> 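This structure is in structure tokens; I'll ask about it shortly.
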Amino acid sequence: MTVTDWAPPTERLAQVRAFMDERVLPNEPILDREDETADALVADLRDEVRALGLWAPHVPPEAGGTGTGFLDYAYLNEHIGRSLWGQLVFGCQAPDAGNAEILHLFGSDEQKDRWLRPLVAGEIRSFFSMTEPEVPGSDPTTLRTRALRDGDDWVIDGHKWFSSGAEGAAFGIVMAVTDPDAPPHARATQIIVPVDTPGVEIVRPVPVLGHAGRGWTTHCEVRYTDVRVPAGNTLGGEGSGFMIAQKRLGPGRIHHVMRWLGQMERAFALMCTYALEREAFGGRLSEKQTVQNWIADSYAQIQACRLLTLDAAHKIDGGDEARVEISAIKFFAAQALQDVIDRAVQVHGARGLTDETPLGHMLTAARAGRIYDGPDEVHRMVVARRVLKSFANGDGWDFR
Ligand SMILES: Cc1cc2nc3c(=O)[nH]c(=O)nc-3n(C[C@H](O)[C@H](O)[C@H](O)COP(=O)(O)OP(=O)(O)OC[C@H]3O[C@@H](n4cnc5c(N)ncnc54)[C@H](O)[C@@H]3O)c2cc1C
């Protein structure tokens, strides 16, 4: 099958695009304030999205969303991602989207009723608590947070950070070591922890590039001290933490990339428009070859990212885990995102750093993309190892 056969969901795409143009982008200055007025506006915009039948496009109707597969979601997210607020307005924000997917796939009926339904409905938020300050997040087999069985309960002790969105969330999914003697990838379990459980302490939002955030935009340090939750809060089976994390992070990584396409395309449009307007040294910036090179390089990077993303989404819809495709697009697009936005800032000169354009915010947010959900270096390692293994087995590599 070729890319041209991968038809976009035309009608919904037009609706999403129009909503982003008319309701989200013009309201960004208010949303960026991250105050109570912004919260009220988010609530209103979410109601409008629900009324249009576009809510929660990442999960299928049986999980409370309007999703129709990965490929369709890739196309929609390209537009939702144009604003950093789009995902929150459409009810498909990280990390809730990933948590909803694993609750949908691995949750018990009781867990789905108690956590998944209100999460997808947008009534509560959640966080995913895996990374720890003391050990490398790139190698989570080194995690130290422990959960010990005591009768019908788990008792959890540990220290996490970068638990995104923990401030104001109702529950977290905590990755804890439950059997330190098991093989490395069978040692950990994911456990649902309500935030109001005694012993859960949201220590502080950790400022990231000078931004502490508020509520959904925080990345929190969290301590768990003698946190007792029922064993029924185990997500999937005991020891299946890494398997579920892989199920969560694989699709989650490509969700990020889909949104980054929107960010790149927006930066590209701003760069081209400004280059055609601004004059220096007797001619427009668009006539300078350096600027033309930036535009050409950005075009090629964006289009390559689009095609890699659609290819991975198409394979996932076909039941493929697409591990190589996902890792390749994660590191390739994270760098492209940073490059394209940075060039757009440069073309705008000092204006690119002000709040007269969204580029400054976009650039700050983009930098983290090369680290979260696995740093570039780890994804390169995954791609190379898998490709080399295939060659070592005598299979070469099939690019189709
Ligand atoms: C904005 C943001 C949001 C995040 N949200 C969450 C969240 O919600 N939940 C959560 O649990 N975590 C979250 N994280 C944490 C993130 O997943 C980790 O930061 C990431 O996995 C890297 O772990 P680390 O920071 O401990 O770096 P380390 O693992 O200590 O790595 C440091 C550096 O070493 C290098 N490196 C590592 N391994 C290799 C290798 N094999 N080869 C070559 N170089 C290597 C890389 O350059 C890497 O950047 C978030 C991070 C950010 C920045």
Side-chain angles (χ1 to χ4, degrees), residues 84 87-88 93-102 119 125-145 156 158-169 171-177 184 188-193 195 202-224 235 241-242 244-253 255-257 259-260 263 326-327 330-331 334-335 337-338 361-386 388:
L84 295 168
Q87 49 180 315
L88 189 63
Q93 70 281 358
D96 299 310
N99 286 346
E101 280 172 357
I102 54 177
L119 185 65
R125 285 192 299 98
S126 65
F127 59 99
F128 186 71
S129 206
M130 181 154 101
T131 305
E132 302 176 1
E134 295 83 6
V135 293
S138 308
D139 180 7
T141 59
T142 60
L143 289 179
R144 292 187 185 166
T145 295
I156 305 171
H159 183 206
K160 303 280 188 182
W161 76 340
F162 280 91
S163 291
S164 299
E167 186 182 273
F171 73 97
I173 297 181
V174 179
M175 184 93 156
V177 175
T189 301
Q190 296 195 14
I191 302 171
I192 301 168
V193 177
V195 169
I202 310 287
V203 180
R204 60 171 179 143
V206 180
V208 173
L209 293 173
H211 179 238
R214 177 171 172 273
W216 173 62
T217 60
T218 58
H219 306 287
C220 295
E221 179 183 350
V222 187
R223 275 195 191 277
Y224 303 89
L235 185 60
F242 282 98
I244 298 179
Q246 194 49 49
K247 288 274 178 206
R248 180 187 188 284
L249 289 171
R253 284 168 184 140
H255 291 174
H256 289 307
V257 177
R259 288 190 290 264
W260 295 346
Q263 292 281 292
I326 287 174
S327 277
K330 169 66 172 56
F331 78 76
Q335 185 65 57
L337 174 73
Q338 204 188 315
H361 261 159
M362 290 163 69
L363 186 64
T364 309
R367 183 60 185 88
R370 292 183 49 215
I371 294 175
Y372 59 69
D373 284 3
D376 293 355
E377 295 72 23
V378 172
H379 287 294
R380 284 193 166 89
M381 179 180 77
V382 170
V383 171
R385 277 188 180 170
R386 288 193 166 239
L388 287 170

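Remember, predicted model here, so these are calculated numbers, not experimental data. Ligands are counted one by one from 1 in listed order, and the atoms in each one are counted from 1 as well.
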> Could you work out, with side chain to side chain contact (heavy atoms under 4.5 Å, CB included) as the rule, every residue matching Arg380, not counting sequence neighbours?
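Side chain to side chain contact (heavy atoms under 4.5 Å, CB included) check on Arg380 returns Phe331, Asp376.
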
> Who passes side chain to side chain contact (heavy atoms under 4.5 Å, CB included) against Ile326, sequence neighbours left out?
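So Ile326 forms a side chain to side chain contact (heavy atoms under 4.5 Å, CB included) with Arg253, Ile316, Ala322.
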
> Using a 4.0 Å cut-off on heavy atoms, what residues surround ligand 1? Order them by chain and number.
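Around ligand 1, where the cutoff is 4.0 Å for heavy atoms, the contacting residues are Phe128, Met130, Thr131, Val135, Pro136, Gly137, Ser138, Phe162, Ser164, His219, Ala368, Ile371, Tyr372, Asp373, Pro375, Glu377, Val378, Met381.
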
> For a 4.5 angstrom cut-off between non-hydrogen side-chain atoms, does Ile156 reach Thr145?
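Yes, their side chains come closer than 4.5 Å.
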
> Taking ring-ring contact (aromatic ring centres under 6.0 Å, His included) as the test, write out the residues that go with Tyr224, two or more places apart.
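ring-ring contact (aromatic ring centres under 6.0 Å, His included) check on Tyr224 returns nothing, list empty.
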
> Between Glu132 and Val135, is a side-chain contact (heavy atoms from CB on, under 4.5 Å) present by the stated rule, with each step listed?
CA-CA 6 Å; Glu132 302 176 1; Val135 293; 3.7 Å; yes

> Whether the His255 and Gln87 side chains hold a donor-acceptor pair (N or O, under 3.5 Å, no angle test) is what I'd like checked.
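Side-chain D/A pair, His255 to Gln87: absent.
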
